[in-house]
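Have a look at the structure below before the remarks.
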Amino acid sequence: MMNIPNRKEYLQQQSQSGQQIMGVLPALYPREMLWAFDILPAEIWDPPGDILHANAHLQATICPVVKRSLEFILKEPDIINAGYLFPHTCDSLQNLATQVKDLIGVPVPVYSFYNPKGEFNRTTRQYYTDILGDFQTILEQQHGSLDRKKLSTACKLGHKIDSRRLELQNARMTDRLPLSNSEYFQLIRAGEYLQPEDYLKLLDAISIPDEPIPNDKARIMVSGILPPHPDMLEYFDDLHLSLVADDLLAGSRRIPRIKLDPPQDPMEYLTERFFLLPPCSTKAGSLDERFRYLNKRIGNSQAQGVLFNIVKFCEPELFDHHLMVKALKDTGIPVLSMDTELQGGLSGQDKTRIEALGELLRDRMVS
Amino acid sequence: MSLAKSLKFKFMKDYGAPALLTFQNFKKRKPRPIPEAFGPPLKANQRLKEILTRHYFLSRYVPGVKKVAWVTSGAPVELLRAFDFYTIYPENHSALVGAKKQGADYCGIAESDGFSQDLCSYARIDLGHMLSGKTPAGKLPKPDLLFCSNNICQTVLYWYKAIAHELDIPLIHFDAPFVTTQQTEADVRYMAQQLQDMIPVLERISGKIFYLDDLEVILKRSMESSQTWGTILKEMQAKPAPMTIFDAFGHLAPIVSLRGLPVAEDYYHILLEEVQDRVARGIGAITEERYRLIWDNIAIWYKVRYLATFFAERKMNFVSATYTNAWAETTGYLDVKDPWNSMAKTYGQIILNNNLKHRLDLMKSMINDYGVHGMVMHSTRSCKPYSVGQFDLRKALNTELDLPAVILDADIADERVWSEQQIQTRLEAFCETLEDQVSAT
């Protein structure tokens, strides 16, 4: 059994011990640079609880990740003492960043980090290196000069975490990871708030057997922004359906596709890392590349079907989703698309649809 | 390029288009009666209609003669003009479909194909057009190239990616980093370099060689058109204002879609002359202008007439809008001597790519300069960059300027979202508040 510290309690303890904590919104940012400044990033994706105050600031048709994040920020939690970071992910988060900074106002600094969009080339690469430098300068204004040695250590630590995550991912795809769906995604998401050293210990504590563990479960890949709700994950476990691979923004889309060489020059390493991340709707690269990548993961994991877990009103995902579904159906892969508002249990209809997918996949296994 | 097609295009340009316009004028229906609340219509309306009709008409004969590019409204089109691309603006086309109250039909086609109803209606209309070939413009040429910039939204990038995938054609994207505080040197360098990187690609697609001199001429023309457009908008500071913002929504079309061409430059001189004449003679867009309003966000295309009449009957005129101002706001950065950096500055800092403090400051100065009494904000489902933050902008303006404001929850082109009763109730309450507030001062 894994012993994963509770997010809220862990961050409270960290805060009480004087740790600087920065609230980080989804999704891509140079976490190693924050570590080098002795800042612990606490990622904000889907904070629980009712949405009470954010509705006064945002329209009804804004996605729940944005709404829940704002609800969290409006509560002015004590644990966030080093500010908020808004990586540039989508139109709604882009505007939320300036809304919080320029109109609502919070008692801590608000930072942004632009992630280039579209298909990348040498110009994009140079720009990314430049903005890493700009980001460093901005952080230095609040936190003093960056210690290059610390950045180098942080990059080495990040490299170890990525490498271990890749190993675990591959182990899951090849039935060598004895974790349930719920356990696996709990483990993945612990990286959103644990100190890197603690997270690495947790990852290293998982043993990977050399030989595959017999698995007669139907195999599914999940795609989207976040893993399914814990209730849904449990239901998948109950139905003997195994989520063997993911294409999630909060999951594998944030781990480089291949194992990088150990870092030498930190800035070069961080640049290289960004450009080796898998295709993602929010980066708006080529659809063909994204489809090829999905297909490869399906092949590697021998997934028989794909679950699209779509956050309501998430425009980047919704555009890609339609074309991915079409392409997958053309190759004969069953697809189930489910909308999520991030909270609330499974409806009867959801259960029926999951059961139907499970039956279809099992029938195919038999035949 | 085929000689026969070139000759046909030339014939249509010289004879076909004029004949069509003559025929249209001849068969023109009796104009709809103008409600008493409105002043005389602008004479330039006729010229505008001719320009747009001609542009869409000639687009049918352009394949095989010129390369066709579909372009987003905020993209630096001047670069394409240097390669003589014939440009079509899907956003304009979607607005046209919306204005004809056909948005739901086109959206429905895209939705039947699997695109979500939660996506931008401009995108759904365009995808509906692509899937069905339907258009109120007769026929649109298929693109050889897609050219987009995310300086207006990320949505256009997802949307154009979908078209590029479906039609298997190249997409050039101009990545414009969002201005969170101020544009950095790295941002400008990045955008300027992207523009230069595009040259060999555009040369290959167009089959034409790039000449910097050509670009300079186009930039100069573009700059002058935008400046004239800005001057036209400033004429609306006059009391009574010579046109309404609903007129301006229409007259915006050339600066969006024909920017950099002589036809746009000429047109805005005609329009400027007319509005200046109206100002000199005290002719207002509405017969009695007692209250002056500002509009925020894109138009509700299928309800322009309804809204124009509703407000005009209450002696309220929209004299300014953040939307129409967008094509005049940043052209001051354009510099023909420094094309790449100046285009980066111009296109990188437009209102939708800039932070909300910038927008708030801009709105405050517009409210002040145009003598505005109240504000109508259109919160549109289709446009997140324009709509996210509006609630707090409204609050800030109300607190700082004591400005009455109303938010209309609607959509730019999908009329299914419109709830007439609810909106009418809101608008009436807003008008009462505004009238009380103005009469109390």
Side-chain angles (χ1 to χ4, degrees), chain A residues 55-63 66 86 88-99 101-104 110-114 116-119 121-124 126-131 133-134 281-282 284-288 291 310 312-316 318-323 325-326, chain B residues 110 113-116 118-120 123 148 150 153-155 157-159 161-162 164-166 171-181 184-187 189-191 193-194 196-197 352-360 379 381 383-393 395-396 407 409:
Chain A
N55 287 331
H57 300 270
L58 293 168
Q59 286 88 340
T61 49
I62 303 303
C63 95
V66 174
F86 288 78
H88 196 283
T89 303
C90 64
D91 288 328
S92 298
L93 280 168
Q94 162 196 290
N95 271 36
L96 185 68
T98 164
Q99 192 176 0
K101 179 170 174 261
D102 299 318
L103 300 178
I104 296 173
V110 175
Y111 305 96
S112 302
F113 185 82
Y114 189 75
K117 305 290 183 297
E119 292 187 33
N121 55 27
R122 208 169 51 181
T123 303
T124 329
Q126 179 57 51
Y127 177 62
Y128 191 81
T129 309
D130 289 347
I131 54 174
D134 286 351
S281 61
T282 66
S286 144
L287 281 168
D288 288 336
F291 184 63
I310 303 291
K312 184 87 178 140
F313 302 120
C314 176
E315 212 164 54
L318 284 172
F319 266 103
D320 276 18
H321 166 254
H322 166 60
L323 297 162
V325 167
K326 253 187 169 177
Chain B
D113 193 64
F115 286 101
S116 166
D118 293 330
L119 296 175
C120 161
C148 79
N150 55 343
C153 59
Q154 304 298 315
T155 302
L157 178 52
Y158 312 134
W159 160 13
K161 260 173 48 179
H165 179 80
E166 191 72 27
L171 162 64
I172 295 182
H173 168 231
F174 178 56
D175 187 21
F178 186 73
V179 182
T180 49
T181 311
T184 65
E185 281 177 25
D187 294 340
R189 222 172 22 243
Y190 173 48
M191 285 186 278
Q193 187 57 50
Q194 285 181 70
Q196 290 167 84
D197 290 348
L352 289 182
N353 205 42
N354 222 321
N355 58 73
L356 292 172
K357 182 185 178 304
H358 167 268
R359 199 185 305 179
L360 178 63
S379 165
R381 292 176 183 218
C383 188
K384 304 287 188 285
Y386 229 138
S387 304
V388 173
Q390 277 182 317
F391 291 5
D392 288 302
L393 284 169
K395 191 176 162 196
I407 294 183
D409 185 16

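The sequence lines fix the lettering, A, B, ..., with proteins before strands; numbering per chain opens at 1. What you are looking at is a predicted structure, and each value in this text was computed from that prediction instead of being measured.
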Could you tell me which portion of [X] (side chain, backbone, both or neither) has an atom closer than 4.5 angstrom to a non-hydrogen atom of chain B?
{"X": "Thr124(A)", "result": "both"}
{"X": "Leu323(A)", "result": "side chain"}
{"X": "Ala60(A)", "result": "neither"}
{"X": "Thr89(A)", "result": "backbone"}

Can you tell me if [X] and [Y] form a side-chain donor-acceptor pair at under 3.5 Å?
{"X": "Ser379(B)", "Y": "Gln59(A)", "value": "yes"}
{"X": "Gln194(B)", "Y": "Thr123(A)", "value": "no"}
{"X": "Tyr114(A)", "Y": "Asp175(B)", "value": "yes"}

By a 4.5 Å heavy-atom criterion (distance strictly below it), what part of [X] contacts chain A: side chain, backbone, both, or neither?
{"X": "Asp187(B)", "answer": "both"}
{"X": "Cys148(B)", "answer": "neither"}
{"X": "Asn150(B)", "answer": "side chain"}
{"X": "Asp392(B)", "answer": "both"}
{"X": "Ala176(B)", "answer": "backbone"}
{"X": "Leu393(B)", "answer": "both"}

Straight-line distance of [X] [atom1] to [Y] [atom2], nearest 0.5 Å:
{"X": "Cys153(B)", "Y": "Gln94(A)", "atom1": "SG", "atom2": "CD", "answer": "9.5 Å"}
{"X": "Arg189(B)", "Y": "Tyr127(A)", "atom1": "CZ", "atom2": "OH", "answer": "10.0 Å"}
{"X": "Leu93(A)", "Y": "Gln154(B)", "atom1": "CG", "atom2": "CD", "answer": "11.0 Å"}
{"X": "Leu103(A)", "Y": "Arg359(B)", "atom1": "CG", "atom2": "CZ", "answer": "9.0 Å"}
{"X": "Lys117(A)", "Y": "Tyr158(B)", "atom1": "NZ", "atom2": "OH", "answer": "7.0 Å"}
{"X": "Ser387(B)", "Y": "Asp91(A)", "atom1": "OG", "atom2": "CG", "answer": "10.5 Å"}

Can you tell me if NZ on Lys326(A) sees more than 12 non-hydrogen neighbours from other groups inside 6.0 Å?
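Atom NZ in Lys326(A) is crowded, with more than 12 foreign heavy atoms closer than 6.0 Å.
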If you count every heavy atom of other residues, nucleotides or ligands that lies below 6.0 Å from Lys312(A) atom NZ, does the total exceed 12?
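Atom NZ in Lys312(A) is packed in, count exceeds 12.
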Nearest heavy atoms of [X] and [Y], plus distance in Å:
{"X": "Asp102(A)", "Y": "Thr180(B)", "result": "OD2-O, 4.5 Å"}
{"X": "Ala284(A)", "Y": "Leu157(B)", "result": "CB-CD2, 3.2 Å"}
{"X": "Leu287(A)", "Y": "His165(B)", "result": "CD1-CB, 3.7 Å"}
{"X": "Ala123(B)", "Y": "Phe319(A)", "result": "CB-CZ, 3.8 Å"}
{"X": "Leu356(B)", "Y": "Thr98(A)", "result": "N-OG1, 2.7 Å"}
{"X": "Tyr190(B)", "Y": "Pro116(A)", "result": "OH-CB, 3.8 Å"}

Would you mind reporting whether Asp118(B) and Thr61(A) have side-chain heavy atoms less than 4.5 Å apart?
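Answer no - side chains too far apart.
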Within-4.5 Å side-chain heavy-atom neighbours: His88(A) and Phe178(B)
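His88(A) reaches Phe178(B) side chain to side chain.
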Pick whichever of Ser116(B), Pro385(B), Ala186(B), Gly389(B) has the most heavy-atom pairs under 4.5 Å with chain A.
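Counting heavy-atom pairs under 4.5 Å, the top option is Pro385(B).
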Can you confirm whether or not the ring centre of Phe115(B) sits under 6.0 Å from the ring centre of His322(A)?
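For Phe115(B) and His322(A), the ring centres are under 6.0 Å apart.
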Mark yes or no for whether Lys161(B), through its side chain, and Gly285(A), through its backbone, hold a donor-acceptor pair below 3.5 Å.
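Present.
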With a 4.5 Å cut-off on heavy-atom pairs, point out which of Gly133(A), Cys314(A), Ser92(A) contacts chain B the most.
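Heavy-atom pair counts peak at Ser92(A).
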